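Worksheet: one structure, shown below.
Computation of the quantities below employed the complete heavy-atom set of this structure, encompassing side-chain atoms and omitting hydrogens, waters and symmetry-equivalent molecules. Please read all numbers here as calculations on a predicted model, not as lab measurements. Chain identifiers are assigned alphabetically (A, B, ...) following the order of the sequence lines, protein sequences preceding nucleic acid strands; residue numbering begins at 1 within each chain.
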There are 2 protein chains.
Amino acid sequence: MRPTVHDIAIKAGVSLATVDRVMNGRPGVREKTKAKVEEAIRSLGYVRDVAAANLAKGRVYPFTFILPLNDNAFMAALRASVEQAGERGRIERTEISIIDVPAFDGDALAKALIAAGEEEPAGIALVAVDADPVRAAVGALKKKGIPVVTLVSDLEDSGRDHYAGVDNQAAGRTAATLLGRFIGPRAGSIAILVGSLSVRDHQNRLSGFSEGMALDFPNLQLTAPMEGRDDAAVAERLVEEALARDPDIIGIYSLGAGNRGLIAALEKARGNGREIVTIAHELSEHSRAALENGLFDAVLNQDAGHEVRSAIRVLKAEADGVPVIAAQERIRIDIFIKDNLP
Amino acid sequence: MRPTVHDIAIKAGVSLATVDRVMNGRPGVREKTKAKVEEAIRSLGYVRDVAAANLAKGRVYPFTFILPLNDNAFMAALRASVEQAGERGRIERTEISIIDVPAFDGDALAKALIAAGEEEPAGIALVAVDADPVRAAVGALKKKGIPVVTLVSDLEDSGRDHYAGVDNQAAGRTAATLLGRFIGPRAGSIAILVGSLSVRDHQNRLSGFSEGMALDFPNLQLTAPMEGRDDAAVAERLVEEALARDPDIIGIYSLGAGNRGLIAALEKARGNGREIVTIAHELSEHSRAALENGLFDAVLNQDAGHEVRSAIRVLKAEADGVPVIAAQERIRIDIFIKDNLP
DNA sequence: CTGAAAGCGCTTACAG
DNA sequence: CTGAAAGCGCTTACAG
């Protein structure tokens, strides 16, 4: 059998309590005693049973997730993942509460952050809006010693401990390469549909996309980005107008949400005999159907479940003061085409 | 606080032992008592703490992984994942041993399976070779009541409990779509490099690819598949010869291992001013470099770590006689291009 | 600075 | 058919 705290205590000639003190770096142990225990741990090749430790601790981690009240499939999936994590909380000793805020509203988010901090949770996760009041609120939380993780959309220079989301610059470049190669040698214009340029993730996707297109596909002209507010109705109208206005459009990159509206516009275009190479974000019931019927050519995706679980792991590590293995927390940019749908 | 077994015992007016019997479906409980306990569980919204249960059980699951002695990066990664899982074993109460067998050798694999079964492990995972002796050996294991999971490569009609790997037919179709669209309207030939047609995963990729190409890209002709035995030297020679023989080759699909050899051949071709659109499998140091320098256009990947962890979860579930949530165990086909490398 | 004892939520012989 | 008690590997007051 594997060595336990008992074995170490015996080998080192001390009590369980002392073993525990050394293992957890708690003060009040003579150097000499500490050395004995550490030697016993090493020589026995001891590895602590985290599950048993958690059980004994009985500690629970109250975490607060602040999520935008955004009516789109991705945010719904994200919310569902958080709720699911809450249900698993018993095992992982987490207690997760969700606070809703209006989407793309920096002031409301900042207020919610301050309020959440009052409760002194063990950690806070937020989908950031790129605004100074938010930065200030995060700074205040950090000053109180509360771990903060940004989720999906990051917030630079805010002092947040970690960002649980994809590299959106890279996502934009990925979209550029796929769109450019799928279109091939033809010349034409590309329409760009964003959600809002007030969030970092959309800004970054746009910049990565523009960069990639300029570099590799001089045959394709980018048109000015349209802001769809991640709203299906707005998106539909904007895309329809753009297609009507500009007959040169042969490709669309939709980097935000509101896929339903985009799909409706593409269907109408197809009805008029016009096929547009299209790349969108986030796999959902709708985007999956669009891939299957050829309205979308590729969908870039971030796994909401992974992001939420990563955020929780990091918050827990921060709360425990143990280091985070960054490489392990990297979130991948999934590419889906009609053939590799999960 | 959340309800525990104690709360249930009190509410139902029984002892802990009886609660445990009902919860775990063990015999020897009067129907009436059982009903009382179940009612208490329901009304209290009880969810068992699996970690505590495992701790109390003290049960360990001895699992055997049978892996091919194959000198390629993917198999190395798979092996590393299994070893890593073994190290985490303390927490998850698993004890994993690895048995090596020669690659692509059905008889050796069958023998290893029989031998592994003698040890009466709690479960066995194998990278299957499509051969009747293997099928028979798996059948014998199942007769002994040992859970069996195929890993990476499946074995139909063998009675295995589960397959932890990607849908390779879909992977082949994915490769076809990407290759065809990247090449565009040009006409030409496509070379196919397989590892061995004695393994199901390679068979399936080939069939999915052929199907996809035939359907969507009549401008592209497939040449006869070359068997590289997942060996870099063999692969290099085969590809070089094919390129020399057939000047019409404008694309390559490499569906097995041996990427180093393929890369060497492509480099030589590039030296001769010949650029070949190439899709390969499995992300490694080499394939990553090839994506970055444009020798590869896309790499399809299966996450070895996911597969191993899934296999273990399933084996454990089978050993415990609890159901597996199939959807949760689906392994994704990752698509990597130069821009979304992790 | 150190230790004896109780307890986290479960399971398992053992006894009846 | 049912229960009292000990124990899994750890942590935590409390006492000294």
Side-chain angles (χ1 to χ4, degrees), chain A residues 1-38 40-41 44-61 88-95 319-322, chain B residues 1-38 40-41 44-61 88-95 319-322:
Chain A
M1 279 309 296
R2 268 122 183 197
T4 71
V5 277
H6 290 97
D7 302 314
I8 297 174
I10 292 167
K11 177 110 182 182
V14 299
S15 74
L16 290 180
T18 297
V19 172
D20 192 68
R21 286 185 190 103
V22 174
M23 270 174 34
N24 293 290
R26 275 187 277 272
V29 185
R30 244 193 316 165
E31 261 316 316
K32 212 176 143 193
T33 316
K34 195 173 156 196
K36 275 196 301 186
V37 173
E38 280 167 346
I41 290 179
L44 263 43
Y46 171 83
V47 182
R48 87 116 93 26
D49 182 331
V50 185
N54 282 338
L55 176 59
K57 275 199 211 114
R59 166 167 194 190
V60 298
Y61 301 79
R88 271 199 322 275
R90 189 169 292 80
I91 297 164
E92 284 155 23
R93 318 256 147 209
T94 57
E95 215 152 62
D320 285 339
V322 305
Chain B
M1 278 309 295
R2 268 122 182 197
T4 71
V5 276
H6 290 97
D7 303 314
I8 297 174
I10 292 167
K11 176 111 183 183
V14 299
S15 74
L16 289 181
T18 296
V19 171
D20 192 69
R21 288 187 189 100
V22 174
M23 269 173 34
N24 292 290
R26 277 188 276 273
V29 185
R30 246 193 315 165
E31 262 315 316
K32 211 175 144 193
T33 316
K34 196 174 154 194
K36 275 196 300 186
V37 174
E38 281 168 346
I41 290 179
L44 262 41
Y46 171 82
V47 182
R48 90 117 95 21
D49 183 331
V50 184
N54 281 338
L55 176 58
K57 276 201 208 111
R59 166 167 193 190
V60 298
Y61 301 80
R88 272 198 322 274
R90 190 170 288 82
I91 298 165
E92 284 154 24
R93 317 258 147 206
T94 57
E95 215 152 61
D320 285 340
V322 306

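Remark: P of D:dA13 and CZ of A:R26 are 10 Å apart, rounded to the nearest angstrom. Straight-line distance from the CG atom of B:D49 to the P atom of C:dC8: 12 Å, rounded to whole Å. Across the protein-nucleic acid pair, B:N24 atom CG and C:dT12 atom P stand 7 Å apart, rounded to whole Å. If you measure from atom CG of A:D7 to atom C1' of D:dG9, you get 10 Å, rounded to the nearest angstrom.
With sequence neighbours excluded, the residues satisfying side-chain contact (heavy atoms from CB on, under 4.5 Å) with A:K34 are A:V22, A:V29, A:E31, A:E38. In this view, A:A52 and A:D49, B:L55 satisfy the side-chain contact (heavy atoms from CB on, under 4.5 Å) rule, not counting sequence neighbours. Residues satisfying the side-chain contact (heavy atoms from CB on, under 4.5 Å) criterion with B:A17, sequence neighbours excluded, are B:S15, B:R21. Applying the side chain to side chain donor-acceptor pair (under 3.5 Å) criterion to B:R30, with sequence neighbours excluded, gives no partner residue. Take B:L16 and apply the side-chain contact (heavy atoms from CB on, under 4.5 Å) test, not counting sequence neighbours, and it matches B:V5, B:H6, B:A9.
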Open item on the list: Return a single string for nucleotides 1-7 of chain C, one symbol per nucleotide in 5' to 3' order, where B is base contact, S is sugar-phosphate-only contact and - is none, cutoff 4.0 angstrom on heavy atoms.
Closed with: SBBB--B

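Helical stems involving DNA chain D, defined as 3 or more consecutive Watson-Crick or G-U pairs under 3.5 Å, span C:1-3 with D:14-16, C:5-12 with D:5-12, C:14-16 with D:1-3.
In terms of phosphate contacts, B:N54 brings no side-chain nitrogen or oxygen within less than 4.0 Å of OP1 or OP2 of D:dC8.
Considering B:V14, B:T33, B:N24 as possible partners of B:V19, the one that fulfils the side-chain contact (heavy atoms from CB on, under 4.5 Å) test is B:V14.
Here the closest heavy-atom approach between residue A:P3 and residue A:Y46 is recorded as O-CD1, 3.4 Å. Scanning both residues, B:I8 and B:A40, for their nearest heavy atoms gives CG2-CB, 3.9 Å.
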